[in-house]
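These numbers were taken from a predicted model, which means no experiment stands behind them. Side chains included, hydrogens not; waters and symmetry mates left out as well; all remaining heavy atoms used.
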Amino acid sequence: METVFLTVILVVLGLALVGSSGLRIVRQYERGLVFRFGRVNGTPRQPGLHAIIPGVDHMRKVNMQIVTLPIPGQDGITRDNVTVRVDAVVYFKVIDPVQAVVSVENYRYAVGQVAQTSLRSIIGKSDLDDLLSRREELNQGLELMIDSPAVGWGIHIDRVEIKEVSLPETMKRAMSRQAEAERERRGRVISAEGELQASEKLSQAAAQMADTPGALQLRLLETVVEVAAEKNSTLVLPFPVELLRFLESNTRSDSKAGTALREAVESAQQAAEQLERGESQAAGKGRSLTSSATSGDAEGSSPASGDGPEGRAESASQASTGGEHGEQVEQRA
């Protein structure tokens, strides 16, 4: 009786061990492929507890999560003959567990090799400026190149990103000089455009001030106030060119009056010269009369004495006439 009881217990334990070895748990992010005698048996097992026949069936679990696969840095020469080193990363996932296991030996390794080859191809077909500024387009092209063979493996390429583009030091210095020259050119262009706009505004202001001369005087006073507000010991007063033009125009318009003034001055000078000549002639006649009186010639002296007063009277009358003429000229001037 005891022997039978022990036999039953052993059989139960054996069945329990066999049953436990035939149970498999599939997680939420996995799918289970059951191989029976080396062939795929049915569809992939969904998450949960599944039983297989020990020694006959074999289950292989496939991860359905998105896999992040970094691509090692690839050295290459761009289309414009620049040596660069580019790093990238690939995000993919398995959409068909049967194809991923049956069609390719190691789908991770296969995707990595295709990604490296595609990255080198993209480097050779692109310019340096494209690698630096048009990464979105390059990422899309690289994704298509990797996804083409991966579709047959049951793999879907979610996205591809270029992480870093390493340049030689000489190229970095050359690009920095180029960027500096470009910024300087833009600065000069902006300055020239500012000067052009300022010149247009100044031209309009000058035209408006020409119509209203008082505005120029107000502007001058405003400038003086601004300079004086700084508490400077030296005050600079600008002399407007328009004032010189104003004087020049007035001088040209009053040319007749200036000519009359010069004629009046010249006539006054001539009258003064005539007066001086008249006085010198009168003095000469007086000296001749005095010499004749001292010689004792009665006949010559009487006419001389008679002529002396007449000559002096005549010279006096001429002098007075010259003086009146000079006064008239001065009054007209």
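Under the 4.5 Å side-chain heavy-atom criterion for ILVMFWY residues, no single connected hydrophobic cluster contains both M145 and Y109. Under the 4.5 Å side-chain heavy-atom criterion for ILVMFWY residues, no single connected hydrophobic cluster contains both I157 and Y91. Follow the hydrophobic side-chain contacts under 4.5 Å out from V101 and you never reach M59; the two are in separate clusters. By the criterion of side-chain heavy atoms lying less than 4.5 angstrom apart, applied directly or through intervening Ile, Leu, Val, Met, Phe, Trp or Tyr residues, V62 is grouped together with V98 in one hydrophobic cluster. Hydrophobic clustering (ILVMFWY, side-chain heavy atoms < 4.5 Å, transitive): L69 and V86 are in one cluster.
More than 12 heavy-atom neighbours from other residues, nucleotides or ligands sit within 6.0 angstrom of CD on E182. Annotation for E105: atom CD does not count as buried by contact number, only 12 or fewer foreign heavy atoms lying within 6.0 Å. Taking a 6.0 Å sphere around CD1 of I25, one finds it holds 12 or fewer heavy atoms contributed by other residues, nucleotides or ligands. Counting non-hydrogen atoms of other residues, nucleotides and ligands closer than 6.0 Å to NZ of K61 gives a total above 12. The environment of NZ in K163 is crowded: more than 12 heavy-atom neighbours from other residues, nucleotides or ligands sit within 6.0 Å.
Between R183 and E180 there is no salt bridge, since no side-chain nitrogen of the basic residue lies less than 4.0 Å from a carboxylate oxygen of the acidic one.
By the 4.5 Å heavy-atom criterion applied to side chains, V94 and N63 are not counted as neighbours. The closest side-chain heavy-atom distance from M64 to Y29 is not below 4.5 Å. Between L128 and M171 there is a side-chain heavy-atom pair separated by less than 4.5 Å. Taking 4.5 Å as the limit, every side-chain heavy atom of I71 sits out of range of all side-chain heavy atoms of V89. Contact check for Q46 versus R31: side-chain heavy atoms found under the 4.5 Å cut-off. When side chains are defined from C-beta on, F35 does not count as touching R39, because their heavy atoms never get closer than 4.5 Å. With contacts defined as side-chain heavy-atom distances shorter than 4.5 Å, the pair R24/L49 does not qualify. In this structure, I77 and I123 have side chains that are not in contact, with every pair of non-hydrogen atoms separated by 4.5 Å or more.
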* Asked: For E193 and V189, what are the C-alpha separation, side-chain angles and deciding distance, and is it a side-chain contact (heavy atoms from CB on, under 4.5 Å)?
  -> CA-CA 6 Å; E193 290 178 354; V189 170; 3.7 Å; yes
* To do: Kindly determine whether L23 and H50 satisfy side-chain contact (heavy atoms from CB on, under 4.5 Å), including the steps that lead there.
  => CA-CA 6 Å; L23 298 178; H50 299 277; over 6 Å; no
* Asked: Could you walk me through whether D75 and T83 pass the side-chain contact (heavy atoms from CB on, under 4.5 Å) check?
  -> CA-CA 7 Å; D75 294 328; T83 304; 5.7 Å; no
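The distance from the CD1 atom of I155 to the CZ atom of F92 is 6.0 Å, given to the nearest 0.5 Å. Atoms CD1 and CG, on I162 and L119 in that order, are 6.5 Å from each other to the nearest 0.5 Å. Here the CZ-CZ distance, from R45 to R60, works out to 15.5 Å after rounding to the nearest 0.5 Å. To the nearest 0.5 Å, atom CZ of residue R134 and atom CG of residue L132 are 12.0 Å apart. Here the CD atom belonging to E137 is positioned 13.5 Å from the CG atom belonging to L142, to the nearest 0.5 angstrom. With rounding to the nearest 0.5 Å, the separation of CZ in R159 from CD1 in I66 is 10.0 Å.
Listed for the S118 side chain is a donor-acceptor partner under 3.5 Å among the backbone atoms of V114. Remark: side-chain polar atoms of R36 are not paired, donor with acceptor, to backbone N or O of V34 under 3.5 angstrom. Between the S126 side chain and the D130 main chain, no donor and acceptor come within less than 3.5 Å of each other. Between the side chain of D127 and the main chain of D129, no donor-acceptor pair closer than 3.5 Å is present. A donor-acceptor pair under 3.5 Å links the side-chain atoms of Q74 to the main chain of P72, judged by distance alone. A donor-acceptor pair under 3.5 Å is formed between the side chain of S199 and the backbone N or O of L196. With hydrogens and angles disregarded, a donor-acceptor distance shorter than 3.5 Å links the side chain of R135 to the backbone of L131. Checked by atom type and distance alone, the side chain of S203 never pairs as donor or acceptor with a backbone atom of E200 at under 3.5 Å.
Inspection of the E161 and N139 side chains reveals an N or O donor paired with an N or O acceptor under 3.5 Å.
Nearest heavy-atom pair across P44 and P97 is CG-CG, 4.3 Å.
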